Protein chains: 2
Amino acid sequence: MPKTRDARSTVTLKDVAERVGITSSAASMALADHARISSKTKAAVRQAAQELGYVPSSAGRALRNQRAGAVALIVPNTSQHVFGHSYFMHVLTGVSDAANAHDSQVIVSTNSDAENGVAAYERVVRSRSADGAIVTSSAVDDFHVEELVASGLPVVLIGNFPYLPGSVSIGIDDVAATRTLTEHLIDVHGRRRLVHVTGPLDHQTGLDRREGFLETVRARGIEADSQIVHGEFNEESGRAAVAAVLAEGREVDGIVFANDDMAFGGLQELKRAGRRVPEDISIVGFDDFGLARVTTPGITTIAVPAEEMARRATERLFDLVDGRFEGPAHEQLGVTFVARRSCGCPDAA
Amino acid sequence: MPKTRDARSTVTLKDVAERVGITSSAASMALADHARISSKTKAAVRQAAQELGYVPSSAGRALRNQRAGAVALIVPNTSQHVFGHSYFMHVLTGVSDAANAHDSQVIVSTNSDAENGVAAYERVVRSRSADGAIVTSSAVDDFHVEELVASGLPVVLIGNFPYLPGSVSIGIDDVAATRTLTEHLIDVHGRRRLVHVTGPLDHQTGLDRREGFLETVRARGIEADSQIVHGEFNEESGRAAVAAVLAEGREVDGIVFANDDMAFGGLQELKRAGRRVPEDISIVGFDDFGLARVTTPGITTIAVPAEEMARRATERLFDLVDGRFEGPAHEQLGVTFVARRSCGCPDAA
DNA sequence: CTGAAAGCGCTTACAG
DNA sequence: CTGAAAGCGCTTACAG
């Protein structure tokens, strides 16, 4: 059966070489600017390539060079639900920028169905479609990540992975950032009866942000008036957490949500219950991937530099792939505190 | 220089074949379940492959089969700014789902710098890294899209491209959808003095949504009281459009924004000016990719089935690649009207 | 029926 | 110095 693609012309190195009257070996060297080819021949080859519209075959190159010319951005479906759309676009942008700079393609591997023997991303990598992988998973018990790292394949993780000492990762200091938020509620707005709505505690971010909250209320001596409620990083769990807290009837004047989505859900529930934010209760979130800016009131939060993290992670990945760098290493980027009206601050801008 | 990758074992078909004591040709046929291989040998090969952790080399396959096993999702940078993050995640999800079902990788090509001779996505495709492409651009004057389609390469476009009759595309009926929104303001909420804030008019969506608005105000006989203001699909241009309209001092009781981002910008500007939405002015947007649901008030809008469009587009692409289908063809999917408080309707759920 | 060569497009180590 | 073979990993058309 004739294929559609047959209609298109496929220009190979051989075509270029024939036009110039040399072998494809020589043409290859000419295009690679090899010293042994005369500049006259080089010019002729370049022109022929130009005229014929020659583009090297990625498969031919990959097979010969044992190098795919692509990196994989791996998005486990667990992490898909945990983080939001904006987060991944920031990450994708960062990865693409760095990959483009290295003339590399970006393969996005979103494994929709969790367990089908070999995980989707393991395949990407084992089939050598990609020279390395950026992984955004943060589930502590995701053993696939561990296996991937252990396989010796170049992998850079986005996030903090203290339990994977052999890994290369780029993260932020979630503990310190949450401390900043919590201290802000206490020191600037005089809040004393605080609630922390956690993220999922099988995620390192969930654990670290809780730790930051706990450290702070302890340091300020208001631990007895504080409360921890479990959440799942999504809007609905923020709503449910607030509903549960309000149902208990305890006094609360500030809530530290472990991310913005939960803060938004909580905000809606507080409004529904007739509590004014920030007059009656100050709230803060975490991430600033877009949502926190558009709600009413805007949500005070920590801006996570997702795009920059991804860019750095990808640069590190190329270092690994090119053998310029040997893990393990963990790098942390700075974050920005963004004051909005939800805590009681005046709106920015 | 030894490469990092040398540390990893690379299992080839030859390794599998040797373990079983046959040639790699036979092993290939065995794994392909070819009739001429005995079921006993097949079982042995499968087991050996399993034990060794054999995964076919994508480069070897691609070269031999003249088929990359990947599709490209092309995101011209123009269109990146025009649409939002959520839109692309919806598209990416749809493309990934369909590609996974066809055992194909997804390459995302975001050409950051516009003009570097050959456009980034042309390279992807010319280097045969991808067997076909999904393109999300909607700029009417983006000649790259035209070239791509003309090249004979399998391409499916997301959106409406009436000026590219030779193309295969999946879109929605923007004219009819905008008519629905505009009629809603007039017929349900009694608005008579309407403004339409357009999208960029070098984009088909911008043109079509304007057309839908114009048709409706003409049909209802309120054209004289209507006004068209130019926007660019982003929040800031919505804000600016509203500021301009208010500055003129004309009476306005309803605004049809060509998308949600502009509606949100306009909403903020209206609030700032002391106009109540929806009491004084009803507003509507378009898209429903996330923003419209989280603002206060929520924005009445048309939900665009971006994920489904992408899934269908990718299915069509595989039809083209496999020669099961010959373009041109244009398919339109249905949309959903979503009533929220910004027009005067009670909030949903 | 079955063994093994040929060839996809590249690049570089080798032979002359 | 330069020509052209070898081989990356696959699959299938061909020879026996």
Side-chain angles (χ1 to χ4, degrees), chain A residues 1 3 5-6 8-42 44-45 48-49 52-70 103 123 125-129 131, chain B residues 1 3 5-6 8-42 44-45 48-49 52-70 103 123 125-129 131:
Chain A
M1 183 178 55
K3 289 187 197 138
R5 54 175 42 253
D6 289 351
R8 277 176 298 143
S9 59
T10 284
V11 180
T12 71
L13 206 47
K14 196 158 151 259
D15 301 318
V16 175
E18 273 171 8
R19 167 171 287 221
V20 180
I22 57 175
T23 66
S24 58
S25 307
S28 172
M29 290 172 139
L31 290 174
D33 203 25
H34 194 288
R36 79 179 240 190
I37 305 293
S38 77
S39 46
K40 194 168 136 258
T41 304
K42 279 179 190 168
V45 171
L52 296 172
Y54 170 71
V55 176
S57 150
S58 60
R61 277 223 165 130
L63 191 55
R64 163 72 218 203
N65 295 341
Q66 296 290 82
R67 161 86 89 123
D103 273 319
R123 285 202 154 269
V125 144
R126 299 280 306 290
S127 68
R128 282 149 285 158
S129 309
D131 299 312
Chain B
M1 183 179 55
K3 291 190 196 132
R5 52 175 45 252
D6 290 351
R8 277 177 298 144
S9 59
T10 285
V11 180
T12 71
L13 205 47
K14 195 158 153 258
D15 301 318
V16 175
E18 274 172 6
R19 167 171 287 222
V20 181
I22 57 177
T23 65
S24 58
S25 307
S28 171
M29 291 172 139
L31 290 174
D33 204 26
H34 194 288
R36 80 178 239 193
I37 305 293
S38 77
S39 47
K40 194 166 135 260
T41 304
K42 279 180 189 166
V45 172
L52 295 172
Y54 170 72
V55 176
S57 151
S58 59
R61 274 218 167 135
L63 191 55
R64 164 71 219 204
N65 296 339
Q66 296 290 79
R67 163 89 86 126
D103 273 319
R123 286 203 151 266
V125 142
R126 300 279 305 292
S127 69
R128 282 149 285 159
S129 310
D131 298 311

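Throughout, a chain's letter reflects where its sequence line sits, starting with A, and its residues are numbered from 1. Because the structure is predicted, anything quoted here is derived from the model rather than measured.
- Mapping B:Ala26 and B:Ala59 onto DNA chain D via the closest heavy atom, the residue that lands nearer the 5' end is B:Ala59.
- Judged by closest nucleotide on DNA chain D, B:Gly60 is the one of B:Ser25 and B:Gly60 placed further toward the 5' end.
- Pairing each heavy atom of A:Val20 with each of A:Val45, the nearest pair is CG2-CA, 3.9 Å.
- Nucleotides of DNA chain C with any atom under 4.0 Å from a heavy atom of chain B span, from 5' to 3', C:dT2 to C:dG9.
- D:dG7 and C:dG16 have their P atoms separated by 15 Å, with the value rounded to a whole Å.
- Side-chain atoms of B:Ser24 never come within 3.5 Å of backbone atoms of B:Leu13 as a donor-acceptor pair (strictly under, hydrogens ignored).
- Here OG of A:Ser129 is found 10.5 Å from CZ of B:Arg61. Values are rounded to the nearest 0.5 Å.
- One distance of note links CG of B:Leu63 with OG of B:Ser58; it measures 11.0 Å at 0.5 Å rounding.
- Scanning all heavy atoms of the two residues, the minimum distance from A:Val55 to B:Arg128 falls at O-NH2, 3.3 Å.
- Backbone-only engagement by A:Thr12 is indicated by non-hydrogen atom pairs under 4.0 Å involving sugar-phosphate atoms exclusively.
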(request) Could you summarise the pairing of DNA chain D as dot-bracket text, marking Watson-Crick and G-U pairs under 3.5 Å with ( ) or [ ] inside the strand and | across strands? (result) |||.||||||||.|||

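- Here OG1 of B:Thr12 is found 7.5 Å from CD of B:Glu18. Values are rounded to the nearest 0.5 Å.
- Using a distance-only test at 3.5 Å, with no hydrogens or angles considered, a donor-acceptor pair links the side chain of A:Asp131 to the main chain of A:Ala68.
- Rounding to the nearest 0.5 Å gives a distance of 10.5 Å between NZ of A:Lys42 and CE of A:Met29.
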